Amino acid sequence: MGDVLAGFHAAWEFESDSVLIRYERGIRTPKLFQALGERRVPLDAIAGVTLTRGKRGTVVLRVEPRPGADPLMEAAAGQLKESGDPYRLVLPAEREVLAEYYADELRALLTESGPAERFLVEPPKGPLSFKAYDGKASFDGRTVNFRWFWTGASSAKWKAGDQNFPVGELNGVEWRSPEVFEGHLRLLHRDTGASAAQADQDPAAVVFGLGYGPVHESLPFAAAVLAAVRTSSPVAAVTAGGPRRDPADIAERIRHLGELHQAGLVTDEEFSVKKAELLAEL
């Protein structure tokens, strides 16, 4: 087809084998769209096309991704608000006839339906990172790292220490939107699955809230990890002997550990063990 249909916040380019969605940048464009930049959606990732009346003199053209075709939508698990749906193109009502034409043309090209056996839409590119309420999460394409904040992490997480999760040891990702109660990102282990602990007590999870872990940062992160997990194979657990830490960073962490010890939040034994672990990283 090769034509471009521009709407509010995005423009769709119809190609012979895909739809290329380019999102606008601007203060009125949802931050998730800006973070995504553009997405190429193969036709075999699309189950259907709808055209409906929108609000305030608009029409909405939407492609419906097949279940399992897009890691972003799989991670979102139906939690995105309508205005944040990356598969909606909102147009002025006077362009309804044109939108209907493209909807019909696109429907004629669709040949697949039902769940996809693998991800067909490319995941967000890494490396990725974001700040949660209790720690910083980072992902380099192979390993997810949680580094706890002294001011936000629970004593359970502090005692467990910073966490490293090779994707080969993971079975999935649980994302709960920061726009709802108890938002969090939890990593699911291949052997144990989801922990029964609350997210603020689980070292395999970071919690959202108070502006931390916003959708446009934490959801692409979750999607990238999920896509990596689906394409990885189990690997041996990472053992000690990784890269050495910055001595100044170690000293700062020992200082904070001492403050927790003095406050009675860490026992004498826990203080000695954790201090020894930190010194061993030098």
Side-chain angles (χ1 to χ4, degrees), residues 1 3-15 17-55 58-92 95 99 102-103 106-107 109-110 112-113 115-116 118-126 128 130 139 173-180 183 185 208 213-228 230:
M1 298 164 66
D3 296 338
V4 176
L5 182 62
F8 299 114
H9 310 316
W12 290 11
E13 182 175 347
F14 300 92
E15 301 180 349
D17 61 351
S18 63
V19 178
L20 178 61
I21 303 176
R22 293 190 175 95
Y23 301 101
E24 293 180 354
R25 295 189 178 277
I27 58 175
R28 294 186 178 182
T29 301
K31 290 184 177 180
L32 176 60
F33 295 0
Q34 297 185 50
L36 294 175
E38 68 175 41
R39 312 192 79 208
R40 185 176 297 278
V41 184
L43 296 184
D44 58 359
I46 301 174
V49 185
T50 61
L51 181 63
T52 59
R53 293 292 179 90
K55 300 177 181 178
T58 62
V59 293
V60 179
L61 180 64
R62 184 179 190 273
V63 295
E64 300 175 356
R66 294 169 59 195
D70 183 355
L72 188 83
M73 303 306 285
E74 290 298 299
Q79 299 174 78
L80 286 177
K81 293 182 177 178
E82 186 177 75
S83 60
D85 183 350
Y87 285 97
R88 296 172 76 248
L89 181 65
V90 182
L91 304 125
R95 306 193 73 185
Y102 282 110
L106 190 55
R107 289 189 191 102
L109 297 175
L110 301 182
E112 302 292 338
S113 62
R118 60 183 178 86
F119 289 139
L120 301 171
V121 181
E122 288 292 323
K125 302 295 184 182
L128 298 169
F130 71 92
F139 178 53
V173 176
E174 178 184 86
W175 182 79
R176 292 292 177 267
S177 174
E179 298 175 344
V180 299
L185 172 69
F208 307 149
V215 171
H216 70 280
E217 294 181 356
S218 60
L219 179 56
F221 185 101
V225 174
L226 181 59
R230 293 281 180 89

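Just so we're clear, the structure is a prediction, and the values are computed from it rather than from any experiment.
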Test salt bridge (Lys or Arg N to Asp or Glu O under 4.0 Å) applied to R107 - qualifying residues, sequence neighbours left out: D104
Donor-acceptor pairs under 3.5 angstrom involving side-chain atoms of residues 27-36: please list them, not counting sequence neighbours.
| residue | atom | partner | partner atom | Å |
| --- | --- | --- | --- | --- |
| Q34 | NE2 | G26 | O | 2.8 |
| Q34 | NE2 | T29 | O | 2.9 |

State, with a plain yes or no, whether a side-chain heavy atom of [X] is found less than 4.5 Å away from one of [Y].
{"X": "I46", "Y": "V19", "answer": "yes"}
{"X": "L110", "Y": "V49", "answer": "yes"}
{"X": "V41", "Y": "P65", "answer": "no"}
{"X": "L219", "Y": "W175", "answer": "yes"}
{"X": "R118", "Y": "R230", "answer": "no"}

Would F221 and L185 count as a side chain to side chain contact (heavy atoms under 4.5 Å, CB included) if you check the C-alpha gap in whole Å, the side-chain angles of each, and the deciding distance to 0.1 Å? CA-CA 9 Å; F221 185 101; L185 172 69; 3.6 Å; yes
Over all atoms of both residues, closest heavy-atom pair of [X] and [Y]:
{"X": "P178", "Y": "S218", "answer": "CD-OG, 4.3 Å"}
{"X": "Y23", "Y": "P86", "answer": "OH-O, 2.8 Å"}
{"X": "F8", "Y": "L91", "answer": "CE1-C, 3.9 Å"}
{"X": "L61", "Y": "A99", "answer": "CD1-O, 4.2 Å"}
{"X": "A227", "Y": "F119", "answer": "CA-CE1, 3.8 Å"}
{"X": "G54", "Y": "V60", "answer": "CA-CG2, 4.0 Å"}

For the atom pair [atom1] ([X]) and [atom2] ([Y]), what is the distance rounded to the nearest 0.5 Å?
{"X": "R88", "Y": "R62", "atom1": "CZ", "atom2": "CZ", "answer": "8.5 Å"}
{"X": "L43", "Y": "L106", "atom1": "CG", "atom2": "CG", "answer": "6.0 Å"}
{"X": "L20", "Y": "E38", "atom1": "CG", "atom2": "CD", "answer": "5.0 Å"}
{"X": "D17", "Y": "L109", "atom1": "CG", "atom2": "CG", "answer": "10.0 Å"}
{"X": "K55", "Y": "S83", "atom1": "NZ", "atom2": "OG", "answer": "8.0 Å"}
{"X": "L5", "Y": "E13", "atom1": "CG", "atom2": "CD", "answer": "11.5 Å"}

Tell me which donor-acceptor pairs under 3.5 Å the side chains of residues 66-76 have, and how far apart each pair is, sequence neighbours excluded?
| residue | atom | partner | partner atom | Å |
| --- | --- | --- | --- | --- |
| R66 | NE | G114 | O | 2.8 |
| R66 | NH1 | D44 | O | 2.7 |
| R66 | NH2 | G114 | O | 3.4 |
| R66 | NH2 | P115 | O | 3.1 |
| D70 | OD1 | R39 | NH2 | 2.9 |
| D70 | OD1 | L72 | N | 2.9 |
| D70 | OD2 | R39 | NH1 | 2.7 |
| D70 | OD2 | R39 | NH2 | 3.4 |
| D70 | OD2 | Y87 | OH | 2.6 |
| E74 | OE2 | G68 | N | 2.8 |

Begin from the C-alpha positions of E64 and T50 and carry the test side chain to side chain contact (heavy atoms under 4.5 Å, CB included) through to its verdict. CA-CA 8 Å; E64 300 175 356; T50 61; 2.9 Å; yes
Identify whether the distance between the nearest side-chain nitrogen and carboxylate oxygen of E122 and R40 falls below 4.0 Å. no
Test item: Y102 side-chain N/O and F14 main-chain N/O as donor-acceptor pair under 3.5 Å: no
Strictly distance-based, threshold 3.5 Å: is any side-chain N or O of S18 a donor or acceptor partner for the main-chain N or O of E15? no
Is the ring pair F208/F130 parallel, tilted or perpendicular, if the boundaries are 30 and 60 degrees? perpendicular
